[in-house]
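Model, not experiment: these values are computed from the prediction.
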Amino acid sequence: MKKKFLYITTLVCGLFCGTSCDDMLDTESLSTDNLEYLCSNPTDARKMINHVYSYMCEDTYTSRMSTNWMQNTDVEVGFIAQDQSQNADRRGVWCLNMRQFNDIKNCWDNTLKAIDFANQCIEGIEGSSMYQEGDKDMKQLHGEAYCLRAYWYWLMCNFWADVPFATTPTTADDLHNDPRTDKNIIYAHCIQDLINVEEEMLWSDDVTVEYMNREFALGFIAKLAMFRAGYSMQADGTMARCDEAGEEYNVTYVDVNGVEQTTACADDFYKVAQAYAMKLINLKGRTLNPNFKEIFDNEINNCNPANGDVLYEVGFVPNSGGDIGWCHGLSVVDSSKGAGTTYSNLTPYYVASFDPEDQRLPVTCVNYRWLYDNKQAATDVFGVQPAKWCRLDMNVSVASKGTGINWPVLRYADVLLLLAEAENEINHAPTSQAKEMLKQVRQRAFINAVNQAEKVDNYVNNLTTYDAFKQAIIKERAWEFGGENIRKFDLIRWNYYSNAIADCIEWMRDVAINYQQLRVNGTELIYDKNLPIEDMGIAPRLYYNYTNGEVVFENDYFTYRDKSVSPYNTAESLKDDDIKTANATFDGLKYISFVESLISVSANDPETDQPYGKDENGDDIKKGVVHERVIYSWFGLTDGVLVNGMEDLTPIRSKVTPYVFPIPTDRVMSSNGVLSNDGYAIRNK
């Protein structure tokens with residue numbers, strides 16, 4: 001299927017730029033006088049539609065909006081040192097203290113270009129005689145244009161909150177210098193669009209999952225409806241659900257009983273999500289692939305099959321698009337298949353939250369990276385790799401960028417969990433249907449578990465209250481989609497972002513205090529060798545041996561080993577340079593620090609390098625210092641609360657996480673006062 005996409009990409013580039021995606025002609029320079037001609041038949045209309053897809057080939061999407069701008073959460077994280085917390089680059093984005101820099105402008109501009117070109121496609125197709133006569137291919141392309149516009153607006157609203165909204169192409173007479181529009185109006189409009197067009201679209205087995213298809217449209221209606229029902233950043237800097245009741249905030253739809261309804265409030269959108277998730281399940285339901293890893297293996301060398309787990313994935317081709325396996329995925333320092341180091345990792349809090357028998361854990365999280373084709377290096381607590389994709393599994397050699405590995409946008413499991421969540425919200429308690437949806441996802445996760453009934457049926461059946469089931473959904477979505485970079489947006493719509501960060505920081509601090517034998521003395525941590533270590537079901541260190549250049553761990557994340565007893569007391573750490581020179585043939589047990597390195601313990605003050613002194617027994621006084629990456633990696637939220645890492649985090653829970661990006665300064669200035677960065681909890685304007 002990727003050959004087909006490459007062919008189409010070549011046509012698009014030939015039509016609009018003649019060389020490469022980097023030279024793509026700006027949409028504002030395109031004439032809109034002949035849209036009906038350009039979209040008069042399926043072949044030419046496909047070229048136009050694929051130009052909208054082509055914006056996903058740009059760095060603004062592949063290396064920014066879909067990957068390394070989706071941090072920092074309790075799952076995906078780009079760890080930040082103190083001196084990086086004020087950076088005007090991706091590190092400022094990670095630590096929620098973003099400042100103006102050129103990437104923000106590029107992403108803003110390219111998103112609006114993609115939307116504008118989708119508007120051109122919609123107008124051109126709707127004006128064509130073939131579409132008006134009911135040609136099925138033209139109807140499919142029409143639906144894709146609406147899906148693409150909805151997807152780009154969904155991204156834009158999640159990054160910038162309320163944004164300019166246009167449903168007609170930019171022309172010389174209408175440059176669309178539009179003000180911010182309430183994102184809830186945009187969501188409602190996009191939902192209504194997709195409701196109106198989904199029935200004219202083709203199923204994935206007719207068009208592949210590399211094009212937006214009817215399954216995607218149905219699933220995305222459900223997803224957009226959950227965002228319209230949920231929380232978002234308001235202009236006054238607070239998080240709230242929409243309580244507006246005007247016509248532009250609502251949609252008309254057919255409910256699960258086949259009755260036409262019109263929404264009247266935010267809660268009604270849970271029913272919209274319910275209706276369209278159920279429509280997808282009833283019309284085109286499928287069994288989840290029992291092999292979780294195969295979903296991502298399919299994306300590495302080809303694409304996922306129709307009627308499978310993935311409803312839509314961005315179709316890339318080697319050396320032509322896609323940065324998965326370069327800036328996101330399992331790191332490969334150097335190899336015959338190219339190189340790539342992940343910009344984002346996974347938190348130890350997230351790793352330790354898994355059940356050891358969950359097949360998703362080893363697919364999602366690993367503590368090693370590849371140095372060469374046949375040499376691995378173990379990674380510490382700050383280097384948990386998002387392992388679903390690895391360039392060494394590719395069948396071809398490629399340049400470092402443009403791996404061609406596909407990117408999942410919407411999976412069937414997502415729709416199942418959205419339906420389960422919607423049912424719980426509608427009934428304020430989990431229904432049998434809600435439980436069944438959750439069970440389907442967990443049955444795949446624990447398909448190889450010895451006690452599957454306990455992990456699936458008993459676990460779900462014991463969720464009897466609204467709160468218990470909602471927490472279960474929050475956790476399940478983390479386990480299912482780790483590394484797929486949708487956690488940030490989920491936390492926003494739940495208004496759970498600040499709580500999730502506080503939970504993550506508290507966990508890291510508390511487990512490290514335990515395993516480092518530290519006694520809390522006010523804001524100080526005093527080492528006490530006589531303090532007992534509680535086995536919390538977490539490994540402070542991971543011990544390993546080498547076999548043919550590969551790391552083989554002796555214990556897993558959940559198995560404590562006493563480092564004072566043999567053979568662990570003689571285990572050594574190993575540096576990457578040692579591995580390279582010694583050809584990775586090492587005898588003896590090695591280790592990497594896991595949670596113990598979240599707090600360092602020393603006899604010297606790290607700021608002055610002066611000894612703390614002696615205790616009454618003449619022993620060195622040792623103190624613990626919370627690692628700066630724990631304190632500063634969520635700096636936009638923790639600023640003013642965390643100083644040494646030992647403070648009460650309750651104030652964080654009541655603060656608003658400042659996730660909204662500033663509109664590019666150049667665009668604010670050129671708007672003649674229409675746009676501004678006032679409000680929205682934006683820190684650096």
To the closest 0.5 Å, what do you measure between OH (Tyr270) and CE (Met226)? 5.5 Å
What are the two closest non-hydrogen atoms of Lys388 and Gly482, and how far apart are they? NZ-O, 2.9 Å
Do side-chain atoms of Asn485 reach the backbone of Ser66 as a donor and acceptor pair under 3.5 angstrom? yes
Does the side chain of Val75 reach to within under 4.5 Å of the side chain of Phe481, using non-hydrogen atoms? no
Could you go through the side-chain contact (heavy atoms from CB on, under 4.5 Å) check for Thr62 and Trp326 one step at a time? CA-CA 10 Å; Thr62 60; Trp326 180 71; over 6 Å; no
Using a 4.5 Å cut-off on heavy atoms from C-beta on, say whether the side chain of Met156 contacts that of Leu112. yes
Residues Tyr466 and Pro430: closest non-hydrogen pair is N-CD, 4.0 Å
For Asp255, which of Gln261, Lys271, Gln274 qualifies under side chain to side chain donor-acceptor pair (under 3.5 Å)? Gln261
Stepwise side chain to side chain donor-acceptor pair (under 3.5 Å) test for Thr170 and Asp116: CA-CA 7 Å; Thr170 299; Asp116 190 66; 2.8 Å; yes
Please confirm whether the backbone N or O of Gln234 pairs with a side-chain atom of Thr238, one donor and one acceptor, at under 3.5 Å? no
Using distance alone, with no hydrogens and no angle criterion, decide if Asp173 and Thr171 have a side-chain donor and acceptor under 3.5 Å apart. no
For Tyr153 and Phe165, I'd like to know if the aromatic rings sit close, meaning centre-to-centre distance below 6.0 Å. yes
For the pair Glu215 and Tyr312, evaluate side-chain contact (heavy atoms from CB on, under 4.5 Å) and give the outcome as yes or no after the intermediate values. CA-CA 8 Å; Glu215 288 105 317; Tyr312 168 68; over 6 Å; no
What's the separation between atom CZ in Phe220 and atom SG in Cys190, rounded to the nearest 0.5 Å? 8.0 Å
Donor-acceptor under 3.5 Å (Tyr659 side chain, Met233 main chain): yes
Which residue, Lys223, Lys475, Arg477, forms the salt bridge (Lys or Arg N to Asp or Glu O under 4.0 Å) with Asp490? Arg477
Would you indicate whether the side-chain heavy atoms of Cys95 and Gln84 approach each other to under 4.5 Å? no
Tell me the closest heavy-atom pair linking Pro169 and His176, and the distance in Å. O-NE2, 3.5 Å
Can a side-chain donor-acceptor contact be found between Asp467 and Gln471 if the only test is distance below 3.5 angstrom? no
Before giving the answer on side-chain contact (heavy atoms from CB on, under 4.5 Å), spell out for Leu642 and Leu649 the whole-Å C-alpha distance, their side-chain angles and the decisive distance to 0.1 Å. CA-CA 8 Å; Leu642 279 187; Leu649 299 187; 3.4 Å; yes
Check: Tyr53/Glu144 side-chain N/O donor and acceptor closer than 3.5 Å: yes
I'd like to know if the side chain of Thr73 and the backbone of Glu76 have a donor-acceptor N/O pair within less than 3.5 Å. yes
Could you tell me if the side chain of Leu637 sits less than 4.5 Å from the side chain of Ser498, heavy atoms only? yes
Sidechain N-carboxylate O distance under 4.0 Å for Lys470, Glu425: yes
Applying the side-chain contact (heavy atoms from CB on, under 4.5 Å) test to Tyr496, which of Ile501, Asp74, Leu491 qualifies? Leu491
Just by distance, no angles: are the side chains of Glu123 and Asn119 close enough, under 3.5 Å, to form a donor-acceptor pair? no
Donor-acceptor contact below 3.5 Å, side chain Asn495 vs main chain Tyr231: no
Evaluate the side-chain contact (heavy atoms from CB on, under 4.5 Å) criterion for residues Trp494 and Asn499: first the C-alpha distance (whole Å), next the side-chain angles of each, then the deciding distance (0.1 Å), finally the verdict. CA-CA 10 Å; Trp494 290 324; Asn499 273 307; over 6 Å; no
Name of the residue among Gln140, Met138, Lys139 meeting side-chain contact (heavy atoms from CB on, under 4.5 Å) with Glu200: Lys139
Looking only at side chains, do Glu126 and His142 share a donor and an acceptor under 3.5 Å apart? yes
Would you confirm whether Lys488, through its side chain, and Trp69, through its main-chain N or O, come within 3.5 Å as a donor-acceptor pair? yes
Do Arg667 and Asp109 come within less than 4.5 Å of each other through their side chains, counting heavy atoms only? yes
If you measure from the Lys or Arg side-chain nitrogens to the Asp or Glu carboxylate oxygens, is any gap between Arg653 and Glu506 under 4.0 Å? yes
Minimum side-chain heavy-atom gap Leu311-Ser204 below 4.5 Å: no
Reported CD-to-CE distance for the pair Glu423 and Met437, which is rounded to 0.5 angstrom: 8.5 Å
Run the ring-centre check on Tyr497 versus Trp634 and record whether the distance is less than 6.0 Å. no
Which heavy atom in Val656 sits nearest to a heavy atom in Gly237, and how many Å separate them? CG2-O, 3.7 Å
Looking just at side-chain N and O atoms, do Trp479 and Ser353 make a donor-acceptor pair shorter than 3.5 Å? yes
Contact check, side chains of Met212 and Val409, non-hydrogen atoms, under 4.5 Å: no
Contact summary for Phe269 and Ala188, nearest pair of heavy atoms: CZ-CB, 4.5 Å
Name of the residue among Phe489, Tyr680, Trp108, Trp154 meeting ring-ring contact (aromatic ring centres under 6.0 Å, His included) with Phe159: Phe489
Any donor and acceptor pair, going by atom type alone, linking the side chain of Asn97 with main-chain N or O of Gln86 inside 3.5 Å? no
Check whether more than 12 heavy atoms from other residues, nucleotides or ligands sit under 6.0 Å from atom NZ of Lys685, and answer yes or no. yes
Salt bridge (Lys or Arg N to Asp or Glu O under 4.0 Å) assessment of Arg493 paired with Glu421: CA-CA 12 Å; Arg493 69 180 178 85; Glu421 183 183 346; 2.8 Å; yes
For the student: nearest non-hydrogen atoms of Ile405 and Phe316, plus distance: O-CD1, 3.3 Å
First locate atom SG of Cys147, then atom CD1 of Ile221, and finally report the distance between them rounded to the nearest 0.5 Å. 8.0 Å
Is there a donor-acceptor contact under 3.5 Å from the side chain of Arg180 to the main chain of Ala235? no
To the nearest 0.5 Å, tell me how far Leu96 CG sits from Phe635 CZ. 11.0 Å
Would you say the side chain of Val254 lies within less than 4.5 Å of the side chain of Lys279, judging by non-hydrogen atoms? no
Is it the case that the side chain of Arg214 and the backbone of Glu198 share a donor-acceptor pair, with hydrogens and angles ignored and the cut-off at 3.5 Å? yes
The reported gap from SG in Cys265 to CG in Asp243 (rounded to nearest 0.5 angstrom) is 10.5 Å
Any donor and acceptor pair, going by atom type alone, linking the side chain of Asp323 with main-chain N or O of Lys401 inside 3.5 Å? no
